[in-house]
Amino acid sequence: QVQLVESGGGLVQAGGSLRLSCAASGRTFSSYAVGWFRQAPGKERVFVAAVSGRGGYTSYAGSVKGRFTISRDNAANTVYLQMNSLRPEDTAVYYCAGDRNWPIDYYGMDFWGKGTLVTVSS
């Protein structure tokens, strides 16, 4: 079973940047697509971005397209989310999750990390 650990969250001013990391255990990491999701206070968890197992395909939510970039380094068992031009509405707990399939199935993700908090001040 693959375990995921997110890191890189923190407090940043609007317009700033952060890079989140999702580190995975297990030797079959490249077999899984990985998605980033976020949950703002009082709201449901929503999709942010995803990358296929070998990194050849990506998808983004409309609210982050052009500002966020997802990538992965399978040799390092890590998926990244580069977040630029951050806005206060990007404030949320960010989670990564893995899926054997592509496109990913939000309701059928195989495993989840515990999240990392991103706070964007105005």
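No experiment lies behind these values; they were computed from the predicted model shown.
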> Hey, what do you get for CH2 (W36) to OG1 (T116), rounding to the nearest 0.5 Å?
Replying inline: 7.5 Å
> What is the distance from atom CZ of R72 to atom OG of S52, rounded to the nearest 0.5 Å?
Replying inline: 7.0 Å
> When rounded to the nearest 0.5 angstrom, what is the spacing between CZ in R67 and OG in S85?
Replying inline: 7.0 Å
> Residues sharing W112's hydrophobic cluster, by side-chain heavy-atom contacts under 4.5 Å among ILVMFWY, directly or via others?
Replying inline: F37, F47, Y57, V93, Y95, W102, I104, Y106, Y107, M109, L117
> Which atom pair, heavy atoms only, marks the closest approach of T91 to A40?
Replying inline: O-CB, 3.6 Å
>> Determine whether L81 and V48 satisfy the following criterion, side-chain contact (heavy atoms from CB on, under 4.5 Å), listing intermediate values before the conclusion.
In response: CA-CA 10 Å; L81 185 68; V48 175; 4.2 Å; yes
> Are any non-hydrogen side-chain atoms of T78 and F29 less than 4.5 angstrom apart?
Replying inline: no
> Between V12 and L86, which heavy-atom pair has the shortest distance, and what is it?
Replying inline: CG1-CD1, 3.6 Å
> Going from CD on Q3 to OG on S25, what distance comes out if it is rounded to the nearest 0.5 angstrom?
Replying inline: 4.5 Å
> Are the side chain of N74 and the backbone N or O of V79 linked by a donor-acceptor pair below 3.5 Å?
Replying inline: no
> Are S17 and N84 linked by a side-chain donor-acceptor pair shorter than 3.5 Å?
Replying inline: yes
> Is F68 linked to L18 within one hydrophobic cluster, defined over Ile, Leu, Val, Met, Phe, Trp and Tyr using a side-chain heavy-atom separation of less than 4.5 Å?
Replying inline: yes
>> Testing the basics here: between A14 and S122, what is the closest heavy-atom pair and its distance to 0.1 Å?
In response: CB-CA, 4.3 Å
>> Using the salt bridge (Lys or Arg N to Asp or Glu O under 4.0 Å) criterion, which residues pair with R38? Sequence neighbours excluded.
In response: D90
>> Between Y32 and V51, is the side-chain contact (heavy atoms from CB on, under 4.5 Å) condition met? List the steps.
In response: CA-CA 9 Å; Y32 294 90; V51 61; over 6 Å; no
>> Quick check for you: to the nearest 0.5 Å, what is the distance between S59 atom OG and K65 atom NZ?
In response: 8.5 Å
> If you round to the nearest 0.5 Å, how far is CD of Q82 from CG of L20?
Replying inline: 9.0 Å
> If you take all heavy atoms of L4 and A24, which pair is closest and at what distance?
Replying inline: CD2-CB, 3.5 Å
>> Could you work out, with salt bridge (Lys or Arg N to Asp or Glu O under 4.0 Å) as the rule, every residue matching D110, not counting sequence neighbours?
In response: R100
> For E44 and Q39, which heavy atoms make the closest approach, and how far apart are they?
Replying inline: C-CG, 4.0 Å
> Quick one: does S121's side chain get under 4.5 Å of L11's, heavy atoms only?
Replying inline: yes
>> Just so I know, are the side chains of V120 and Q13 near enough to count as touching, which here means a heavy-atom distance under 4.5 Å?
In response: no
>> Give me the atom names and distance for the closest heavy-atom approach of I70 to Y60.
In response: N-OH, 2.9 Å
> Can you check whether N101's main-chain N or O pairs, donor with acceptor, with D99's side chain at less than 3.5 Å?
Replying inline: yes
